[in-house]
Amino acid sequence: MVGYHSPTFNLLLCFHFISVLCSPPSPTHLCSPNQSAALFQFKTHFSINQTASKDCEYSYPKAKTTSWKKGTDCCLWDGVSCDNITGEVISLDLSCSCLSGTFPSNTTFFLLSSLQRLDLSFNDFRKSKISSNFGRFPSLTHLNLFYSWFSGPVPHEISYLSNLVSLHLSDRPITDLIGFQAPGPILKLEKSAVNGIVRNLTKVREIYLDGIDMSSIDPNSFVNLSYSLASLSLCRCHLRGKLPDNIFKLPNIEYLSLDENSKLTGQFPKSNWSSPLVILSASMTSLSGELPESFGDLKSLAGLALFSSNFSGSIPRSLGNLTQLEFLFLSYNYFSGKIPSSLTNLAKLGLLSLRWNQLEGSLPETPNAFPNLGFLDLSNNLLSGTTPSWLYTIPLVLLDLGNNQFIGHISEFQNRLLSLNMLVLKNNSFRGPIPSSISKLVNLSFLDLSSNKLNGTISSDMFSELHSLQHLDLSSNTLSLSSNNSVTYVLQGSKNLSVLDFSNNRIRGRLSKFPWKDIEFLNLRSNFIEGICNAKFIEILDLSHNDFSGVIPQCIGSFSQSLSSLNLKMNKLHGAIPSTFAKGCALKNLNLNSNHLEGPLKPSITNCKDLQVLDVGNNMMNDSFPHWIEALSELQVLVLRSNKFHGPITAPTSPQSLLKLRIVDLSCNNFFGPLPTGYIKDFKGMINILDDGKGVRYMGERNYSYDYSVAIAVKGFEIELMKILTIFTSIDLSSNNFEGQIPRDIGELSSLRGLNLSHNNLVGHIPSSLRNMTRLEWLDLSSNQLSGQIPTGLLDLTFLSSFNVSYNQLVGPIPKGKQFNTFENGSYHENEGLCGVPLSRGCNNNVLGQPPPAPWMNSQEDDGSKLEFGWKAVAIGYGFGFIFGAAIGCARLRSGKPKWLVTLFEARRRRR
């Protein structure tokens with residue numbers, strides 16, 4: 001039998017059979033000349049190419065046919081076995097033989113009529129069709145074409161092989177260089193072939209059909225499978241419909257795998273279920289319902305994998321009766337209730353994964369539980385209480401209790417856990433110090449204790465012996481370093497670190513020379529750290545919300561070729577931005593918001609061709625509009641707010657530039673002249689953004705689960721978005737000296753969520769084209785010199801939750817109905833010609849004259865009133881609209897001095 005690697009849980013499932021062969025062939029019987037010639041001609045169809053067998057699983061690739069020489073006994077050729085008496089070829093094993101070429105449909109190979117075993121696995125037959133002549137081997141008992149790059153329909157003549165004991169036609173998914181599934185040869189089984197296999201192969205014990213397209217096959221076609229069948233694998237076959245439960249009751253079935261058939265439905269038998277099953281895997285299907293107690297009758301079961309399906313209800317206590325069980329995967333389902341204490345009796349259980357369910361309650365306190373457990377993943381449930389003592393004594397290699405509700409102290413780890421390689425306790429409510437025994441876990445490579453209530457000091461020797469440590473996350477606790485220690489000193493023994501996150505703690509000190517040659521992610525935000533440099537190979541550097549002062553060192557530019565994200569916001573940095581960003585700069589995110597930076601933006605930033613986020617808001621930068629940003633074709637977020645940028649924004653020098661820009665904040669500067677219509681017309685990233693069906697997504701580095709952030713103004717508040725939705729769009733040109741009319745072209749930005757043109761010198765009417773901005777959630781045109789009426793077409797903006805046209809010269813009736821019925825007086829203040837609800841001034845023929853000019857607010861004393869509407873909006877209950885209520889996580893608000901910090905919304909989204 002051929003071994004099988006399950007593509008879903010990477011466990012080697014081996015069945016070992018021993019065959020006793022007859023005595024060696026007699027030297028008096030040579031291979032017949034006809035069969036020798038047939039084999040030699042077959043050899044000539046193929047070239048030898050090592051890459052053809054590069055994925056061979058069972059042995060090193062070997063070009064077996066190179067030993068085939070004319071004039072020699074073919075029974076002695078590599079891969080060939082003959083009958084002792086007749087000399088006819090009865091077995092041909094060319095697996096992993098580096099054969100490359102098209103498999104001929106009428107080759108002399110099919111003249112080997114006595115063939116009993118044929119193995120052509122792990123070669124490259126270049127998408128050849130499987131010839132119908134494969135059905136011409138009446139004595140064949142074993143046929144293996146696994147991973148040989150055949151394609152097209154499987155001929156129904158395969159079912160003529162009535163003596164088959166083992167049929168292996170599986171193909172595996174092909175992955176490209178970055179791990180995504182790539183197009184490969186596709187085999188397809190039609191109804192006639194399946195019916196023939198079921199009807200004629202009455203002796204078969206093994207059927208492997210993984211990766212073959214059976215989308216047209218009714219699962220009921222397998223109802224009458226041979227009772228002799230011991231192994232059946234139908235992974236990735238595109239099966240759909242209800243699976244008959246008799247498949248689970250085949251009297252000799254030992255191995256059954258149905259993985260990755262997402263449209264396959266059905267339930268397990270609730271009674272009278274006893275079988276010799278050893279391995280049952282039905283992961284990534286649509287099988288559903290509760291697991292019946294009848295599972296406890298499968299006394300031979302050694303492995304059960306049912307993850308990423310639709311099972312629900314309680315985990316049956318009867319699973320504790322499966323004394324042979326070695327692995328149990330029930331992750332990514334809807335199981336609820338407590339973990340049954342009976343599971344702790346499973347003495348042979350080595351792997352247990354129940355992650356991403358709805359399990360609750362405390363862990364069983366059974367003494368001597370799980371004596372041989374090496375892998376335990378209970379993350380992303382609702383488990384609570386303190387952790388039991390057995391958890392710190394069993395010989396675990398991996399322990400993940402993250403994203404639960406555990407409390408109490410983390411106990412000291414005992415000597416049996418010296419093999420622990422991965423420890424994840426994040427997002428719980430553990431308190432107290434980090435246990436000192438962590439320092440003895442010398443094989444630890446991954447440690448995540450983030451988002452708990454841990455406190456105390458990190459001693460200088462806690463990590464000194466952890467030379468294998470690669471990932472360390474202690475963020476969002478209240479930890480500090482022992483006196484006179486720095487981060488680099490405490491971790492100088494862990495020189496293989498690639499990910500380090502100490503953010504949101506109470507760490508003090510300076511960053512000295514980095515001892516980590518492979519550091520890729522460094523997040524020290526929200527501490528009290530000073531100093532920066534020596535991070536030449538880092539990919540993500542987040543030192544935001546610290547006490548860094550002085551100038552940004554020129555060394556930043558020297559490692560920008562590896563750096564993809566640099567976040568230095570909310571520090572005390574001053575001086576100019578370095579001009580050392582060299583060609584090949586890899587930056588995607590540059591966030592320098594809220595420092596004391598001066599001078600112009602440097603054009604060397606254009607060397608960062610992949611830059612997506614540029615945020616230099618809330619500094620003291622003095623420059624004209626940087627037209628050179630047109631070279632940044634990937635730019636999506638541009639924030640220049642609250643600086644000293646000045647002058648007109650002239651037409652773009654390059655047509656069709658900044659096509660991906662979707663968040664623009666130029667507010668609170670000294671720009672003047674007409675609105676930048678030339679750029680606005682090119683903002684294709686704000687037009688017709690459609691839902692691609694992939695759910696909520698954020699900008700960031702997915703390899704490190706790191707999200708970009710940005711500070712912008714929304715509905716009168718400056719907000720730090722801790723995550724940037726890929727569908728979020730806004731334009732803020734407020735508090736400048738722009739003049740002229742609002743261009744009609746702005747109405748083409750149909751996916752715009754927010755528009756703020758307030759506190760400028762704009763004149764003319766409100767364009768009726770704004771009615772086309774159907775996703776708009778806030779619109780602020782206040783403090784301008786706009787005239788005319790409010791277009792009734794704005795009633796079409798059904799998402800609009802914040803509207804302000806105060807301090808203008810508008811006249812006529814306020815539109816009635818829909819969301820306009822929710823806006824208060826403040827939305828229309830100081831427009832003497834306006835009338836109607838909510839104003840106390842009713843509409844009649846005498847109130848539609850020209851109103852007096854609105855008072856212009858440009859004194860320092862009036863600065864506070866500019867945000868008055870925003871605070872009133874919150875006070876009267878204005879919502880933040882769909883885009884915030886549905887998807888954006890926490891946000892930080894600042895409004896002048898003192899700074900206000902308000903949590904708007906925090907959603908923990910369960911990902912399946």
Side-chain angles (χ1 to χ4, degrees), residues 3-14 278-281 283 300-308 315 319-332 335 339-357 359 363-381 383 387-404 406 410-426 428 435 437-449 465-471:
Y4 169 75
H5 278 288
S6 171
T8 57
F9 49 85
N10 287 329
L11 294 175
L12 183 62
L13 307 174
C14 298
V278 177
I279 302 295
L280 174 57
S281 184
S283 299
S300 300
L301 200 64
L304 178 60
L306 304 175
F307 63 84
S308 294
I315 297 175
L319 292 185
N321 300 332
L322 304 178
T323 57
Q324 303 302 310
L325 202 62
E326 298 179 15
F327 64 85
L328 176 61
F329 291 93
L330 303 180
S331 305
Y332 298 99
F335 291 112
I339 298 175
S341 59
S342 61
L343 295 185
T344 62
N345 299 324
L346 299 175
K348 291 187 177 182
L349 195 66
L351 300 98
L352 174 61
S353 179
L354 304 177
R355 68 179 301 168
W356 281 109
N357 280 287
L359 300 170
L363 298 183
E365 284 282 359
T366 310
N368 304 316
F370 299 119
N372 290 298
L373 198 63
F375 179 110
L376 179 60
D377 188 348
L378 305 178
S379 62
N380 296 282
N381 280 286
L383 299 168
T387 49
S389 58
W390 56 262
L391 199 62
Y392 302 92
T393 61
I394 57 177
L396 288 170
V397 175
L398 180 148
L399 173 60
D400 190 346
L401 303 180
N403 297 303
N404 279 288
F406 290 109
I410 303 173
S411 299
E412 296 290 345
F413 295 91
Q414 304 303 308
N415 289 337
R416 291 191 73 195
L417 272 89
L418 292 180
S419 58
L420 193 63
N421 179 267
M422 182 175 181
L423 175 60
V424 181
L425 304 178
K426 67 180 181 179
N428 282 284
S437 55
I438 288 283
S439 63
K440 298 179 181 179
L441 304 178
V442 294
N443 290 302
L444 205 61
S445 66
F446 192 107
L447 175 61
D448 190 342
L449 306 179
E465 299 299 320
L466 305 188
H467 304 308
S468 299
L469 196 61
Q470 299 178 25
H471 183 115

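FYI, side chains are in, hydrogens and waters are out, and symmetry mates aren't considered; it's all heavy atoms of this structure.
- Of the candidates Leu425, Leu378, Thr387, Thr387 is the only one forming a side-chain contact (heavy atoms from CB on, under 4.5 Å) with Phe406.
- For the pair Asn321 (side chain) and Leu319 (backbone), a donor-acceptor distance under 3.5 Å is absent.
- Gln470 contributes atom CD, which lies 10.5 Å from atom CG of Leu444 (distance to the nearest 0.5 angstrom).
- Residues passing the ring-ring contact (aromatic ring centres under 6.0 Å, His included) test with Phe446 are His471, sequence neighbours excluded.
- In this structure a side-chain-to-backbone donor-acceptor pair under 3.5 Å is present from Gln414 to Glu412.
- Asn372 contributes a side-chain N or O that, together with a main-chain N or O of Ala347, makes up a donor-acceptor pair within less than 3.5 Å.
- Taking every heavy atom of both residues into account, Phe327 and Gly303 meet most closely at CZ-CA, 3.3 Å.
- One finds the OG atom of Ser281 at 9.5 Å from the CZ atom of Phe329 (value rounded to the nearest 0.5 Å).
- Contact check for Ile438 versus Leu466: side-chain heavy atoms found under the 4.5 Å cut-off.
- Here the side chain of Ser353 pairs no donor or acceptor atom with the backbone of Ser331 at under 3.5 angstrom.
- The backbone N or O of Asn357 lies less than 3.5 Å from a partner atom in the side chain of Asn381, making a donor-acceptor pair.
- Two residues are said to be in side-chain contact when any heavy atoms from C-beta on lie closer than 4.5 Å; Leu346 and Leu352 fail this criterion.
- Taking both residues in full, the closest heavy atoms of Ser439 and Glu465 are given as O-CB, 4.0 Å, listed atom of the first, atom of the second, then distance.
- Shown here for Leu396 and Leu373, the closest heavy-atom pair between the two residues is CD2-O, 3.5 Å.
- Judged by distance alone, with hydrogens and angles left aside, the side-chain atoms of Ser445 form a donor-acceptor pair with the main-chain N or O of Asn421 at under 3.5 Å.
- For Ser308, there are no side chain to side chain donor-acceptor pair (under 3.5 Å) partners at least two apart in sequence or on another chain.
- Looking at Ser437, its side chain does come within 3.5 Å of a backbone N or O of Phe413 through a donor-acceptor pair.
- Here the straight-line distance linking atom OG of Ser300 with atom CG of Leu325 works out to 11.5 Å at 0.5 Å rounding.
- For Asp400 (side chain) and Gly402 (main-chain N/O), a donor-acceptor pair under 3.5 Å exists by modelled atom type.
- In this structure, Asn380 CG and Leu359 CG are separated by 11.5 Å, a value rounded to the nearest 0.5 Å.
- Tyr392 is listed as a side-chain neighbour of Ile410, based on a closest heavy-atom distance under 4.5 Å.
- When the side chain to side chain donor-acceptor pair (under 3.5 Å) test is applied to Asp377, the partners found at least two apart in sequence or on another chain are Arg355, Ser379.
- When atom types are taken as modelled, the side chain of Trp390 and the backbone of Pro364 share a donor-acceptor pair closer than 3.5 angstrom.
- Of the inter-residue distances, the one linking Leu351 atom CG with Leu376 atom CG reads 10.0 Å to the nearest 0.5 angstrom.
- When every heavy atom of Ser419 is checked against every heavy atom of Pro395, the shortest pair comes out as OG-O, 4.1 Å.
- The closest side-chain heavy-atom distance from Leu330 to Phe335 is below 4.5 Å.
- Residues Trp356 and Asn403 fail the side-chain proximity criterion, which asks for heavy atoms closer than 4.5 Å.
- Here the side chains of Leu354 and Ile315 are in contact, with some heavy-atom distance below 4.5 Å.
- Two residues are said to be in side-chain contact when any heavy atoms from C-beta on lie closer than 4.5 Å; Leu349 and Leu343 fail this criterion.
- Asn428 places a side-chain N or O within donor-acceptor distance of the main-chain N or O of Lys426, the cut-off being under 3.5 Å.
- For the atom pair NZ (Lys440) and CG (Leu420), the distance works out to 15.0 Å, reported to the nearest 0.5 Å.
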